[in-house]
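Down below is the structure, laid out as structure tokens.
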Amino acid sequence: MQGSKTQELTTADGVSLRVSQERSIRRNKIKAFLLVAPLLIFLLVAFVLPIVDMLKRSVENPEVLTYLPSTTVALQEWNDDELPDESVFAALAVDLKAGAEARTIGKVASRLNYEKSGMRSLIMKSARKSKRFKEGAYKEQLLKADKRWADVGVWKLIQRESSPYTFSYYLNAVDHKYADNGDIVAQPEHLQIYNSLFFRTIYMSIAITSLCLLLGYPIAYLLANLPLRQANLLMILVLLPFWTSLLVRTATWIAILQQQGVLNDLMVGAGILSDEDRIQMIYNQTGTLIAMTHILLPFMILPLYSVMKTISPSYVRAARSMGATPFTAFRRVYFPQTLPGIGAGSILVFILAIGYYITPALVGGQTGTFITNFIAYHMQTSLNWGLAAAIASILLIIVIGLYWLYNRLIGVDNVKLG
């Protein structure tokens with residue numbers, strides 16, 4: 001009938017069907033969220049929060065502000081053209097004495113020593129002598145305690161590092177520093193180590209990834225095309241390294257590659273080398289490349305195998321039946337279908353390689369260590385966590401940048417193929 005309203009559908013309990021569907025969808029979304037909530041919490045606690053803390057530590061600079069509070073306030077009015085006046089020296093004497101009594105002066109001494117060599121000895125020596133300072137004439141007493149307090153650069157350093165945040169860790173991580181006048185300058189040549197380490201880490205990780213792809217591709221192809229029984233047996237051999245300790249595998253390579261090791265002995269025994277011409281294949285880049293390629297090879301084979309297993313052999317047979325040569329059929333038909341496996345395996349191996357530090361530390365020597373070895377050094381030995389966090393942050397940015405570039409290239413290739 002014209003003008004009559006369409007009757008709205010309802011459920012058995014009289015609720016609108018539309019409202020009931022919305023409630024059902026909402027309940028399903030809540031259930032789905034609750035199912036993944038433990039994983040989200042785990043990722044937040046184990047992944048996101050550590051990265052946020054690392055980024056915070058890379059710019060955090062609380063030591064001078066916390067343990068030299070009076071000096072920090074007094075230096076705010078200093079014009080840094082000449083030595084500070086008596087009030088600044090008095091404030092420093094108070095802070096040194098308080099820090100020595102509270103046993104906290106070592107923290108600010110270590111922090112300033114990261115920026116300028118000799119600052120720790122200056123701070124600690126002055127703090128010990130501050131206990132015997134008499135009231136008044138603090139400038140004279142501090143200069144008598146150590147003549148280095150007459151250096152304007154020392155006061156400029158304290159003033160600059162009194163800020164709660166600093167970029168000096170990042171500058172140090174790229175072989176630069178602040179000069180006394182506040183300009184950014186390069187480190188002395190004998191102290192420039194991090195840029196070369198970043199470059200070495202990246203190109204060796206790319207080399208390891210390329211070797212894994214070169215060796216893993218034919219193995220994955222063989223696995224994907226063998227009968228199931230033989231493929232399963234070969235797969236066990238591929239997975240066998242996962243059941244062996246990383247240290248055991250690395251130690252085995254040390255025994256094999258050293259100058260008096262198994263490989264050199266075999267070549268000498270076969271007459272390929274003389275006993276005096278044994279090859280140094282360990283404690284250098286060669287040892288790192290060989291050991292890490294062996295360790296990371298399964299991470300390349302498995303993604304390739306998972307993709308190759310889904311490719312039907314009929315595609316290549318159809319290309320052959322239409323006159324294509326075996327190489328042309330492989331290059332134009334089979335290989336493009338394996339690109340997702342190549343991409344997944346390459347990303348996985350590269351990210352694992354760029355973050356390795358145990359194997360390069362054991363077999364790399366001076367020329368085969370990675371930047372990650374210095375991150376571990378600053379975390380465990382020098383205790384310069386700010387510099388370690390800055391280096392790790394730069395490494396994270398490099399990985400993200402390379403991954404973004406890879407996605408851009410893949411996107412361009414997909415457009416061309418389309």
Side-chain angles (χ1 to χ4, degrees), residues 193 196-224 226 230-305 342 345-374 376-377:
I193 57 174
S196 60
L197 279 170
F198 275 118
F199 178 73
R200 180 195 300 169
T201 301
I202 292 172
Y203 87 74
M204 287 192 67
S205 297
I206 293 174
I208 291 166
T209 303
S210 302
L211 287 173
C212 286
L213 178 60
L214 185 64
L215 297 174
Y217 197 96
I219 296 174
Y221 179 83
L222 185 63
L223 280 168
L226 278 176
Q230 298 176 17
N232 288 338
L233 179 61
L234 189 57
M235 180 62 73
I236 292 174
L237 298 178
V238 171
L239 297 176
L240 190 61
F242 288 125
W243 306 332
T244 309
S245 168
L246 175 64
L247 290 176
V248 171
R249 283 180 281 168
T250 305
T252 302
W253 279 113
I254 293 175
I256 293 173
L257 297 177
Q258 61 183 320
Q259 282 189 309
Q260 303 300 323
V262 177
L263 189 56
N264 270 296
D265 285 345
L266 288 175
M267 289 190 289
V268 170
I272 300 175
L273 296 175
S274 64
D275 195 53
E276 295 78 16
D277 297 327
R278 289 173 176 262
I279 303 174
Q280 179 70 29
M281 293 180 288
I282 202 69
Y283 308 126
N284 51 28
Q285 292 187 13
T286 303
T288 301
L289 287 172
I290 294 174
M292 289 189 62
T293 299
H294 169 251
I295 290 169
L296 297 177
L297 186 58
F299 294 99
M300 178 66 75
I301 294 174
L302 294 177
L304 285 171
Y305 170 74
I342 294 174
S346 298
I347 291 173
L348 184 59
V349 171
F350 178 80
I351 291 177
L352 289 173
I354 208 171
Y356 252 65
Y357 73 94
I358 295 177
T359 301
L362 293 176
V363 303
Q366 262 191 331
T367 61
T369 52
F370 284 4
I371 190 67
T372 45
N373 296 110
F374 279 79
Y377 168 77

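Every heavy atom of this structure was used, including side-chain atoms; hydrogens, water molecules and symmetry mates were not. Only a predicted model underlies this, so the values are computations on that prediction, with no experimental measurement involved.
A donor-acceptor contact closer than 3.5 angstrom is absent between the side chains of Gln259 and Tyr283.
Taken to the nearest 0.5 Å, the CD1 atom of Ile256 stands 11.5 Å off from the CG atom of Asp265. Taken to the nearest 0.5 Å, the CD1 atom of Ile301 stands 4.0 Å off from the CG atom of Leu297. The structure places CG of Leu239 at 5.5 Å from CG of Leu302, a figure rounded to the nearest 0.5 Å. Note that CD1 of Ile371 is 8.0 Å distant from OG of Ser196, once rounded to the nearest 0.5 Å. Atoms CD1 and CG, on Ile279 and Leu273 in that order, are 4.5 Å from each other to the nearest 0.5 Å. Atom CD1 of Ile354 is separated from atom CZ of Phe198 by 9.0 Å, given to the nearest 0.5 angstrom.
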Could you go through the side-chain contact (heavy atoms from CB on, under 4.5 Å) check for Met300 and Thr293 one step at a time? CA-CA 10 Å; Met300 178 66 75; Thr293 299; over 6 Å; no

Evaluate Trp243 against Ile236 for side-chain contact (heavy atoms from CB on, under 4.5 Å), listing each step before the verdict. CA-CA 10 Å; Trp243 306 332; Ile236 292 174; 4.2 Å; yes

Using the rule given for side-chain contact (heavy atoms from CB on, under 4.5 Å), can you reason through Gln285 versus Tyr203, listing the C-alpha separation, both sets of side-chain angles and the distance that settles it, and then say yes or no? CA-CA 11 Å; Gln285 292 187 13; Tyr203 87 74; 2.9 Å; yes

Apply side-chain contact (heavy atoms from CB on, under 4.5 Å) to Thr359 and Trp253, showing your working. CA-CA 10 Å; Thr359 301; Trp253 279 113; over 6 Å; no

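When all heavy atoms of Ala353 and Phe370 are compared, the pair lying nearest together is O-CE2, 3.3 Å. Residues Gly287 and Leu257 approach most closely at CA-CD1, 4.3 Å, considering heavy atoms. The two residues Thr252 and Val248 have their closest heavy-atom pair at OG1-O, 2.7 Å. Minimum heavy-atom separation, Leu213 to Leu304: CD1-CD1, 4.2 Å. Arg278 and Gly261 make their closest contact through NH1-O, 4.4 Å (heavy atoms, listed as atom of the first residue, atom of the second, distance).
Considering only heavy atoms from C-beta on, Thr369 comes within 4.5 Å of Leu197 through its side chain. A 4.5 Å side-chain heavy-atom check between Val238 and Leu223 finds at least one atom pair inside the cut-off. Side chains of Pro218 and Leu222 form no contact here, defined as non-hydrogen atoms less than 4.5 Å apart. Residues Leu362 and Leu247 meet the side-chain proximity criterion, which asks for heavy atoms closer than 4.5 Å. Proximity of Leu296 to Thr209: side-chain heavy atoms (C-beta onward) are nowhere separated by under 4.5 Å.
The closest donor-acceptor contact from the side chain of Asn373 to the backbone of Ala376 lies at 3.5 Å or more, if one exists at all. A donor-acceptor pair is defined here as one N or O able to donate and one able to accept, closer than 3.5 Å; such a pair exists between the side chain of Gln280 and the backbone of Ile282. Between the side chain of Thr288 and the backbone N or O of Gly368 there is at least one donor-acceptor pair closer than 3.5 Å. Not a single donor-acceptor pair under 3.5 Å links the side chain of Ser205 to the backbone N or O of Phe350. Remark: the backbone N or O of Gln258 is paired with a side-chain donor or acceptor of Asn264 at under 3.5 angstrom.
Taking the six-membered ring where the residue is Trp, Phe374 and Tyr377 present perpendicular rings, their angle passing 60° and hence far from 30°.
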